[in-house]
Student: 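Below: one structure in structure tokens.
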Amino acid sequence: YLGEKNYSQARDIYKANEKKFGKNADISYKLGLCEYYGGDKEKAQDLFLEGKRQNPNHAGINYALSGGESKKSEWEIVPE
């Protein structure tokens, strides 16, 4: 659903997977993408930062945060 730009349905699926399998960097990343493209950049950044704590070497998270992790108010995701 993420690829189909159905972010709310994709978010529901990732949330269900998070409940079933626990939190991990991949789920935090995918939830972050859903929030970002759904319009909530602040929540997206929080999820990316959570994922980074879970796996500091996650390529997707590091790519997403490369736009300015330290300046939350000016933060922008780098498009995929």
Side-chain angles (χ1 to χ4, degrees):
Y1 295 101
L2 187 58
E4 297 171 7
K5 299 182 180 180
N6 187 340
Y7 306 118
S8 128
Q9 192 159 7
R11 181 178 43 246
D12 292 344
I13 290 169
Y14 292 124
K15 285 275 193 193
N17 284 333
E18 184 178 60
K19 283 185 179 182
K20 185 174 183 177
F21 301 110
K23 292 185 177 206
N24 66 57
D26 289 328
I27 290 176
S28 294
Y29 173 63
K30 295 294 188 175
L31 284 169
L33 290 177
C34 291
E35 295 300 340
Y36 180 82
Y37 291 116
D40 192 340
K41 291 180 181 181
E42 187 172 324
K43 189 168 185 176
Q45 184 186 29
D46 290 342
L47 286 161
F48 292 141
L49 291 172
E50 179 180 314
K52 186 171 179 74
R53 286 189 294 276
Q54 295 160 342
N55 178 359
N57 298 316
H58 191 284
I61 291 170
N62 287 328
Y63 181 73
L65 290 172
S66 67
E69 168 182 331
S70 64
K71 295 183 179 180
K72 192 169 192 173
S73 63
E74 297 175 18
W75 176 78
E76 289 290 328
I77 190 172
V78 177
E80 288 188 327

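Predicted model, so just to flag it, every value in this text is computed and none were measured. All values below come from the heavy atoms of this structure, side chains included, with hydrogens, waters and symmetry mates left out.
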Student: Just by distance, do the side chain of Q54 and the backbone of A25 share a donor-acceptor pair under 3.5 Å?
Tutor: yes

Student: Can you tell me how far the CZ atom of R11 sits from the CG atom of L31, to the nearest 0.5 Å?
Tutor: 8.5 Å

Student: How many angstroms lie between CD1 in I27 and CD1 in I13, if you round to the nearest 0.5 Å?
Tutor: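 Going from CD1 on I27 over to CD1 on I13, the span is 12.0 Å.
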
Student: How far does CG of D46 sit from NZ of K43, to the nearest 0.5 angstrom?
Tutor: 9.0 Å

Student: So among F48, Y63, Y29, which one has a ring pair (Phe, Tyr, Trp, His ring centres under 6.0 Å) with H58?
Tutor: Y29

Student: Applying salt bridge (Lys or Arg N to Asp or Glu O under 4.0 Å), name anything that partners K23, two or more places apart in sequence or on another chain.
Tutor: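 Counting only residues at least two positions away or on another chain, K23 forms a salt bridge (Lys or Arg N to Asp or Glu O under 4.0 Å) with E50.
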
Student: Side-chain contact test, heavy atoms from C-beta onward, threshold under 4.5 Å: evaluate it for L65 versus Q45 and give yes or no.
Tutor: yes

Student: Rounded to the nearest 0.5 Å, how far does OH of Y14 lie from CG of L47?
Tutor: 13.0 Å

Student: Looking only at non-hydrogen atoms, find the nearest pair between C34 and A10 and report the distance.
Tutor: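 It is SG-CB, 3.7 Å.
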
Student: Could you tell me the separation between the CG atom of N17 and the NZ atom of K20, rounded to the nearest 0.5 Å?
Tutor: 7.5 Å

Student: Please identify each residue that fulfils side-chain contact (heavy atoms from CB on, under 4.5 Å) with D12, with sequence neighbours left out.
Tutor: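 With sequence neighbours excluded, D12 shows a side-chain contact (heavy atoms from CB on, under 4.5 Å) to no residue whatsoever.
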
